[in-house]
Amino acid sequence: MPVEHAAIIGAGIGGLTAALALAGRGISSDIFEQAPELAEVGAGLQISPNASRVLAELGVLDRLTSLWLEPQSIRLISGSSLRELAAVPAGSFARYRWGAPYGVLHRKTLQKTLLDAVIANPLCALHLGIRLESDLPQGRRPAAVVIGADGVWSKVRQAISGAPAPQFSGNIAFRFTIAEREAPGFLDRSSVSALLGSSAHMVCYPLKETGGFNMVAITAGNIAPQAWQGKPTQAQQDLLQSRFRRWHPAIAGLLEQHSDITFWPLFEATPGKWQDGNKTVLIGDAAHAMMPFAAQGAAMAIEDAFELAAFLATRPVSEAISLFERHRTPRIAKLRQRGAFNRFAYHASGPIRLGRDIVLSLKPPQSLAADLDWIYGYHPVG
Ligand code: FAD
């Protein structure tokens, strides 16, 4: 018997998308979220066509496209000279090539849009301020399947033998925003800019919601994760600035001016089992938290949610969750490899960096786009 009712733990991007995707197939759900309200968490997100295709299926894309910006290109830029090395076309090119748009927005905009759709759907019941500890919280009715969409520190994992575990990646992300009037000349409102340097890179893009720019820099190094959370100490700020001292003065100067920088140690999930062969299954960061080098973590949570719903609607639970795991594992593994390659290429130094710059400069935009077809052109089952 296919599933009639599900329990979803976590109302992040993955959990809310799962509730909508299940409802689209006539399956009701209780969604349990530990936070008493869904406040502003995180910063900007890039939503690639593989994810926006799913969001269109779920009926929320029109709302999102009225709130987000569609960059015309994703530019790779040398952090030392500010020379453009390559540019992947996006904008109308993305809509034409991959059949769905590429957008940038604040994470809260995506979460609120999904949340509004969940609240309006009679098949979805959201319970805020309820944290899963060990036993499943009480919902409207008994659930035939438990979906762990509870992020990198997932509790649902405890029900699955051999589940993934969080592991520090050795990288710290630091985030800040720049008001439009303060934006330096190398930033433009029509593109996503990825500035590349040795052992660090910085991604910058405009946000319609604030009118300013979302800035995320990721730096690798010999850093213990525990002390890096939230507001930095002066010593931490100095250490980070020292990493950018050899970059172009316009970037080094930006970091010195900004006191609103927040820090996030980046954890990834080790490979492991995503389901227990019975009724519990993990999606999104709970299953496969990954480094943001391919900007695909939220996109994968969205794809997971949609495909899991398709399997649950057509098969008995144990079969559906096993099939889900078998079906999704190769794609996630390939994306992790892509992320690891990007990490190597973005943070390269010395002769490898010179080689990277030459290869990128010689690649025509069509060939850069073709390298992304398997990610952005993906059509989920169902
Ligand atoms: P989460 O968003 O972590 O949601 C989990 C939810 O579960 C939370 O609401 C939490 O409160 C709740 N929860 C946790 N434990 C419990 C419990 N015990 N009981 C009840 N509720 C619980 N991805 C992209 O696609 N594009 C990007 O451009 C991009 N940029 C990124 C930049 C950075 C710097 C980082 C760090 C990540 C980026 N990502 C990006 C990745 C993306 O943010 C995550 O992969 C995505 O948010 C994961 O969604 P999720 O729903 O699986 O988990």
Side-chain angles (χ1 to χ4, degrees), residues 3 5-19 21-22 29-35 38 41-42 126-139 142-171 225-226 229 264-292 296-309 311-312 317-333 335-336 339:
V3 171
H5 186 73
I8 300 172
I9 313 302
I13 307 301
L16 293 171
T17 308
L22 289 167
S29 62
D30 283 298
I31 310 137
F32 301 101
E33 165 59 45
Q34 65 180 1
L38 292 181
V41 185
L126 177 64
H127 311 271
L128 294 175
I130 308 245
R131 180 177 163 76
L132 174 87
E133 293 298 347
S134 51
D135 295 331
L136 198 61
Q138 192 73 33
V145 61
V146 179
I147 301 174
D150 50 344
V152 66
W153 300 105
S154 171
K155 277 263 179 205
V156 179
R157 282 190 196 131
Q158 291 170 357
I160 301 174
S161 154
Q167 172 178 275
F168 181 54
S169 65
N171 289 253
Q226 291 78 6
Q229 200 84 52
W264 310 65
L266 296 176
F267 286 79
E268 47 196 346
T270 56
K273 293 287 295 169
W274 301 351
Q275 50 88 31
D276 66 352
N278 181 25
K279 61 178 282 192
T280 307
V281 59
L282 306 173
I283 64 170
D285 277 10
H288 45 65
M290 56 181 75
M291 295 288 292
Q296 283 294 310
M300 289 304 106
I302 290 168
E303 285 185 9
D304 281 353
F306 190 80
E307 296 202 302
L308 176 62
F311 292 136
L312 287 170
V317 181
S318 60
E319 197 183 313
I321 60 179
S322 305
L323 182 58
F324 166 77
E325 183 185 55
R326 279 203 306 282
H327 173 72
R328 293 293 298 161
T329 301
R331 179 159 171 81
I332 298 294
L335 255 165
R336 279 188 197 276

Colleague: Show me the donor-acceptor pairs, under 3.5 Å and distance only, between side chains in residues 126-133 and residues at least two apart or in other chains.
Modeller:
| from | atom 1 | to | atom 2 | distance (Å) |
| --- | --- | --- | --- | --- |
| His127 | NE2 | Asp30 | OD1 | 2.8 |
| Arg131 | NE | Glu133 | OE2 | 3.0 |
| Arg131 | NH1 | Gln34 | OE1 | 2.4 |

Colleague: Minimum heavy-atom separation for Glu268 to Ser169, with atom names?
Modeller: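 Closest pair (atom of Glu268, atom of Ser169, distance): OE2-CB, 3.7 Å.
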
Colleague: Using 0.5 Å steps for rounding, measure from the CD atom of Glu325 to the CG atom of Leu323.
Modeller: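 The CD atom of Glu325 sits 10.5 Å away from the CG atom of Leu323.
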
Colleague: In Å and rounded to the nearest 0.5 Å, what is the CD1 to CG distance from Ile8 to Leu16?
Modeller: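 It is 8.0 Å, given to the nearest 0.5 Å.
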
Colleague: Please identify each residue that fulfils ring pair (Phe, Tyr, Trp, His ring centres under 6.0 Å) with Phe324, with sequence neighbours left out.
Modeller: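 Phe324: no ring pair (Phe, Tyr, Trp, His ring centres under 6.0 Å) contacts found.
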
Colleague: Output all residues satisfying side chain to side chain contact (heavy atoms under 4.5 Å, CB included) with Ala287, sequence neighbours left out; order by chain, then residue number.
Modeller: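 Result, side chain to side chain contact (heavy atoms under 4.5 Å, CB included) vs Ala287: Trp274, Leu282.
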
Colleague: Return the minimal non-hydrogen interatomic distance between Ser29 and Ala19, and the atom names on each side.
Modeller: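 That would be OG-CB, 3.7 Å.
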
Colleague: About how many Å separate CE of Met291 and CG of Leu266, when rounded to the nearest 0.5 Å?
Modeller: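 So the gap between those two atoms works out to 5.0 Å.
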
Colleague: For Asp276, run the side-chain contact (heavy atoms from CB on, under 4.5 Å) check against Val281, Ile321, Val156 and tell me which one passes.
Modeller: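 Per the side-chain contact (heavy atoms from CB on, under 4.5 Å) rule, the option paired with Asp276 is Ile321, out of Val281, Ile321, Val156.
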
Colleague: Just wondering, do Leu22 and Ile147 contact through their side chains at under 4.5 Å, heavy atoms?
Modeller: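 Touching, per the 4.5 Å side-chain cut-off.
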
Colleague: For Arg157 and Ala165, indicate whether the former's side chain and the latter's backbone hold a donor-acceptor pair under 3.5 Å.
Modeller: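 Such a contact is absent between Arg157 side chain and Ala165 backbone.
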
Colleague: Return the minimal non-hydrogen interatomic distance between Ala149 and Gly14, and the atom names on each side.
Modeller: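 Taking Ala149 first and Gly14 second, the nearest heavy atoms are CB-C, 4.2 Å.
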
Colleague: Looking only at heavy atoms, what is the nearest atom pair of Ala289 and Val152, with distance?
Modeller: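 Nearest heavy atoms, Ala289 then Val152: CB-CG2, 3.6 Å.
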
Colleague: Applying side chain to side chain contact (heavy atoms under 4.5 Å, CB included), run through Arg328 and Leu308 and close with a yes or a no.
Modeller: CA-CA 9 Å; Arg328 293 293 298 161; Leu308 176 62; over 6 Å; no

Colleague: What are the two closest non-hydrogen atoms of Phe267 and Phe168, and how far apart are they?
Modeller: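 Phe267 and Phe168 have their closest heavy atoms at CD2-N, 3.5 Å.
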
Colleague: Quick one, Thr17 and Asp304 - any side-chain contact, counting heavy atoms below 4.5 Å?
Modeller: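 Sidechains of Asp304 and Thr17: no contact.
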
Colleague: Taking all non-hydrogen atoms of both residues, which atom of Ala305 and which atom of Ala21 are closest, and how far apart?
Modeller: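 Reported closest heavy-atom pair: O-CB, 3.9 Å.
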
Colleague: Find the distance between CD (Glu303) and CZ (Arg331) and round it off to the nearest 0.5 Å.
Modeller: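 Here the rounded value is 4.0 Å.
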
Colleague: Carefully, step by step, assess Ile9 and Lys155 under the rule side chain to side chain contact (heavy atoms under 4.5 Å, CB included).
Modeller: CA-CA 9 Å; Ile9 313 302; Lys155 277 263 179 205; over 6 Å; no

Colleague: Can you check whether Asn278 reaches Ser318 side chain to side chain, under 4.5 Å on heavy atoms?
Modeller: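 Asn278 does not reach Ser318 side chain to side chain.
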
Colleague: In Å, rounded to the nearest 0.5 Å, how long is the span from OG1 of Thr280 to NZ of Lys273?
Modeller: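 Result: 12.5 Å between the selected atoms.
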
Colleague: What distance separates Ile283 CD1 from Gln275 CD, expressed to the nearest 0.5 Å?
Modeller: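 One gets 14.0 Å once the value is rounded to the nearest 0.5 Å.
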
